[in-house]
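Taking it in order: structure first as structure tokens, then the write-up.
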Amino acid sequence: MIVTAKIEKLENGKLVLKPDVDISRFLAQKRPRRVEVRLDDGRTISADQRRKIFAIIRDISLWSGQEPEELRLYLEWDFCSRCLREWFSLSNCDMTTAREFITYLIQFCFHWGVPTKDSLLTQTDDIGKYLYLCLENRRCAICNQPAEVHHVDRVGMGRDREAIVHVGLNAIALCRRHHEEAHRREKALFADYHIYGIELDRHLCKVLSLNQKPKGEVERGE
Ligand SMILES: [Zn+2]
Ligand SMILES: [Zn+2]
């Protein structure tokens, strides 16, 4: 069950909420012990966020042949059902929801190989998540072409690339052309596009087939 509520007060670290609908029956029957609270930052979707959403949906529509309006409703529904969130409206949802929906749309384009008019770098509203998705889907962070992994912390300078532990190193996905450019003028290139290397986690190392631990090391849990 998903409900919205008004924050009554925060006292000694305890949050008192007043649900907008009566949930007493649900509480009596199901006796839930825990809740998830998503805090609305109070700021509503910006015109810029709305423009980005419509631009990406237009690209998906041209690719799939579906009517943009119909497609938007389907994508919103899919987004809500995946994140188990209540239905929202693009006219008055909060900024966080809009930001997450844009990230969802970018992920959709990468997953299905949707060709977009502009690089999704210009559409993202969450650069950190975008750079992560670029690595996960091997797409150039600048132009979205198929990419290679560029290590921002240089690997291979005297160290054995095969044996190195990649988790925790900073990397970015770049196509061949932009990768070569990064080796010539990394700082300037990153500044031009406002991009940077992000920390590789275990999931990224796995999907990118990067060595996660030195050969012969014993697994010690997490
Ligand atoms: Zn590129
Ligand atoms: Zn490189």
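Just so you know, ligand 1 is whichever comes first in the structure, and atom 1 is the first atom listed for that ligand.
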Between Arg185 and Glu181, does at least one N-O distance fall below 4.0 Å, as a salt bridge requires? yes
Mind reading off the angle at the Zn ion (ligand 1) between the SG atom of Cys175 and the SG atom of Cys140, rounded to 10°? 120°
Roughly, to 10 degrees, what angle do His179 atom NE2 and His183 atom NE2 form around the Zn ion (ligand 2)? 100°
Cys143 near the Zn ion (ligand 1) via N/O/S, less than 2.8 Å: yes
Counting backbone and side-chain atoms alike, is an N, O or S atom of His150 positioned under 2.8 Å from the Zn ion (ligand 2)? yes
Does any N or O in the side chain of Asn170 come within less than 3.5 Å of the main-chain N or O of Glu199, such that one atom is a donor and the other an acceptor? yes
With the Zn ion (ligand 1) as the reference point, give the N/O/S atom of His178 that is nearest. ND1
Okay, side chain of Gln49, backbone of Met95: is any donor-acceptor separation there less than 3.5 Å? yes
Donor-acceptor pair, distance only, cut-off 3.5 Å: does the side chain of Lys52 make one with the backbone of Thr124? yes
salt_bridge(Glu69, Arg72) N-O dist < 4.0 Å: yes
